[in-house]
Chemist: 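Before we start, here is the structure in question, set down as structure tokens.
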There are 2 protein chains.
Amino acid sequence: MKKYVNEAVCSVDYAFRRIGGKYKGRILWYLNDQTIMRYGKLRKALTDITPKMLTQTLRELESDNLINRRVYHEVPPKVEYSLTETGAELIPFINYLRIWGDKQIEKEKMESIKC
Amino acid sequence: MKKYVNEAVCSVDYAFRRIGGKYKGRILWYLNDQTIMRYGKLRKALTDITPKMLTQTLRELESDNLINRRVYHEVPPKVEYSLTETGAELIPFINYLRIWGDKQIEKEKMESIKC
DNA sequence: TATACTAGTATCTAAAAGCATACTATTGCT
DNA sequence: AGCAATAGTATGCTTTTAGATACTAGTATA
């Protein structure tokens, strides 16, 4: 007996579904920092991500309209990724989270020194 | 050959690990709204969450120091959950996300009407 | 004696997310 | 002819996350 609840329960739920996942936050953050990044560059930035995961994650972000994918029909291939306007709207939030994270990491360090 | 990378790559990664998961954002949001909630109330608020998931999620939030768990030694049992200061610091961010989510949902509705 | 109340546990299963590794296509260059 | 360059695919596997369902403890009250 399966329940199909593909709809978000509320807007918090909705938003978390769009930026959850291991790499999405970081990809958006890098794209904000670098403005435009090619596939290979993203791959290096996200140390050790597999090509499958990178492609998959990028496609999800694209279909959620958070990033743009621009293909140049050249050989060797060239594909550029950048934030959409909607994606850019998430940056303040990611930045907030980043600062919060920094603070917590700092706190943890302090505590480990005490012990 | 396993690589143990339990450490966060960066503060964005760190933060996402603490609030990722299907229910964490909503739990924090509800606790912010209601200030204090008992187990049973949370369970009703998160429609259809299983007790196992709820307990597990609450324990994770607790061990990450985002929520307080206060046990009254009574029968029947009474346990109250509330935000810690650190957890409360995440509220503006979740609120931002919530507003963003609302806007996107609204947009999607508009588009589906067009079709 | 049986039942309700509450905050969980225990056990097993299913689905999702992520990893490892090898492979492809196209063209210019040597 | 063979190789480099780039943006991926393909296949199979492991790990993590989540779901289903049944059960427990201790006391008050009917």
Side-chain angles (χ1 to χ4, degrees), chain A residues 1-9 13 16-27 30-31 34 36-64 67-82, chain B residues 1-9 13 16-27 30-31 34 36-64 67-82:
Chain A
M1 178 172 42
K2 252 189 198 173
K3 288 171 201 163
Y4 271 110
V5 187
N6 255 336
E7 291 217 0
V9 178
D13 188 36
F16 268 95
R17 291 197 196 184
R18 259 140 206 86
I19 53 148
K22 195 166 176 182
Y23 303 103
K24 286 186 181 177
R26 280 157 70 201
I27 290 177
Y30 291 142
L31 286 180
Q34 307 276 317
I36 289 178
M37 283 174 96
R38 293 176 62 180
Y39 186 91
K41 202 170 172 188
L42 277 166
R43 198 169 159 183
K44 272 166 217 154
L46 300 155
T47 32
D48 296 333
I49 194 176
T50 60
K52 186 192 156 199
M53 275 309 297
L54 180 52
T55 302
Q56 188 181 305
T57 307
L58 289 171
R59 293 293 140 81
E60 283 174 26
L61 290 170
E62 194 194 354
S63 83
D64 282 338
I67 62 171
N68 296 122
R69 177 168 178 270
R70 179 170 182 190
V71 181
Y72 293 80
H73 294 286
E74 296 173 5
V75 167
K78 180 175 175 184
V79 180
E80 289 180 345
Y81 293 94
S82 59
Chain B
M1 179 172 41
K2 253 189 196 171
K3 288 170 201 164
Y4 269 109
V5 187
N6 255 337
E7 292 217 0
V9 179
D13 187 36
F16 268 95
R17 292 196 196 185
R18 259 143 208 84
I19 54 150
K22 195 166 177 181
Y23 302 103
K24 287 185 180 176
R26 280 157 70 200
I27 290 178
Y30 291 141
L31 286 180
Q34 308 276 318
I36 289 178
M37 285 174 95
R38 293 177 61 181
Y39 185 90
K41 202 170 173 190
L42 276 166
R43 197 170 159 181
K44 272 166 216 153
L46 299 155
T47 32
D48 295 334
I49 193 175
T50 60
K52 186 196 154 198
M53 275 310 297
L54 179 53
T55 302
Q56 188 180 306
T57 307
L58 289 170
R59 293 292 140 83
E60 282 174 26
L61 289 170
E62 194 195 355
S63 84
D64 281 339
I67 63 171
N68 295 124
R69 176 168 179 271
R70 180 169 181 190
V71 182
Y72 293 80
H73 294 284
E74 298 173 2
V75 168
K78 179 175 174 184
V79 179
E80 288 180 343
Y81 293 93
S82 58

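Naming: A, B, ... by sequence-line order, numbering from 1 per chain.
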Chemist: Quick one: is C/dT9 close enough that its OP1 or OP2 comes under 4.0 Å of any side-chain N or O from B/Tyr39?
Modeler: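 For C/dT9, OP1/OP2 do not have a side-chain N/O of B/Tyr39 under 4.0 Å.
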Chemist: Closest-nucleotide mapping onto DNA chain D: is A/Pro77 or A/Pro51 further toward the 5' terminus? I mean the 5' end.
Modeler: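 Final value for this comparison: A/Pro77.
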Chemist: Once you round it to whole Å, what is the distance between P of C/dG28 and NZ of A/Lys78?
Modeler: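 Nearest whole value for this atom pair: 17 Å.
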Chemist: Mind checking B/Lys52 for me? I need base, sugar-phosphate or nothing, with any heavy atom below 4.0 Å counting as a touch.
Modeler: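 The answer is base, as B/Lys52 lies within the cut-off (heavy atoms under 4.0 Å) of a base atom.
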Chemist: Under 4.0 Å between a side-chain N/O of A/Arg69 and OP1 or OP2 of D/dA7, yes or no?
Modeler: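 Negative; the distance criterion is not met.
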Chemist: Ignoring backbone atoms, test whether A/Arg70 places a side-chain nitrogen or oxygen under 4.0 Å from the OP1 or OP2 oxygen of D/dA7.
Modeler: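 Negative; the distance criterion is not met.
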Chemist: From OH of A/Tyr23 over to P of D/dT16, roughly how many Å is that when rounded to an integer?
Modeler: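 Between P of D/dT16 and OH of A/Tyr23: 13 Å.
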Chemist: Return no unless some side-chain N or O of B/Tyr81 is found under 4.0 Å from OP1 or OP2 of C/dG8.
Modeler: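 Indeed, a polar side-chain atom of B/Tyr81 lies that close.
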Chemist: Across the strands shown, which category fits B/Tyr72 at heavy-atom distances under 4.0 angstrom: base, sugar-phosphate, nothing?
Modeler: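 Result for B/Tyr72 = nothing.
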Chemist: Less than 4.5 Å apart, side chain to side chain, heavy atoms only: is that true for B/Glu60 and B/Lys24?
Modeler: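 B/Glu60 reaches B/Lys24 side chain to side chain.
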Chemist: Return the set of residues passing side chain to side chain donor-acceptor pair (under 3.5 Å) with B/Tyr30 (not counting sequence neighbours), or none when no residue passes.
Modeler: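 Partners of B/Tyr30 by the side chain to side chain donor-acceptor pair (under 3.5 Å) criterion come out as none, since no residue qualifies.
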Chemist: What is the separation between atom CG on A/Leu58 and atom P on D/dA7, rounded to the nearest whole Å?
Modeler: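 My rounded result for the distance is 11 Å.
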Chemist: Quick one: B/Gln56 CD to C/dA7 P, roughly how many Å, whole number?
Modeler: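 Rounded to whole Å, this separation is 19 Å.
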Chemist: OG/B/Ser82 to CG/B/Asn68 distance, rounded to the nearest 0.5 angstrom?
Modeler: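 If we round to the nearest 0.5 Å, B/Ser82:OG and B/Asn68:CG are 4.0 Å apart.
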Chemist: To the nearest Å, how far apart are B/Glu74 CD and D/dA25 C1'?
Modeler: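 Going from CD in B/Glu74 over to C1' in D/dA25 covers 15 Å.
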Chemist: Residues in side chain to side chain donor-acceptor pair (under 3.5 Å) with B/Tyr23, at least two apart?
Modeler: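 Per chain and number, B/Tyr23 pairs via side chain to side chain donor-acceptor pair (under 3.5 Å) with no residue.
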Chemist: Using a cut-off of strictly less than 4.0 Å, decide whether B/Arg38 has a side-chain nitrogen or oxygen near OP1 or OP2 of C/dG8.
Modeler: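 So the side-chain polar atoms of B/Arg38 never come under 4.0 Å of the phosphate oxygens OP1 or OP2 of C/dG8.
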Chemist: Does B/Val75 or B/Val79 map to a spot on DNA chain C nearer the 5' end, using the closest nucleotide for each?
Modeler: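 Nearer the 5' end of the strand: B/Val75.
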Chemist: For residues B/Ile27 and B/Tyr81, determine if any side-chain heavy atom of one lies less than 4.5 Å from a side-chain heavy atom of the other.
Modeler: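 No, side chains not in contact.
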Chemist: Provide, to the nearest angstrom, the distance between the CE atom belonging to B/Met53 and the P atom belonging to C/dT9.
Modeler: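 In whole Å, C/dT9 P and B/Met53 CE are 14 Å from each other.
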Chemist: Between B/Ile49 (CD1) and D/dA18 (C1'), how many Å, whole number?
Modeler: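 B/Ile49 atom CD1 is separated from D/dA18 atom C1' by 9 Å.
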Chemist: Is any side-chain N or O of A/Lys22 closer than 4.0 Å to OP1 or OP2 of C/dC19?
Modeler: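 Indeed, a polar side-chain atom of A/Lys22 lies that close.
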Chemist: Measure CZ/B/Arg17 against P/D/dT16 and give the value in whole Å, please.
Modeler: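 The answer, rounded to whole Å, is 11 Å.
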Chemist: Reckon A/Arg59 has a side-chain N or O less than 4.0 Å from the OP1 or OP2 of D/dT9?
Modeler: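 Affirmative; the distance criterion is met.
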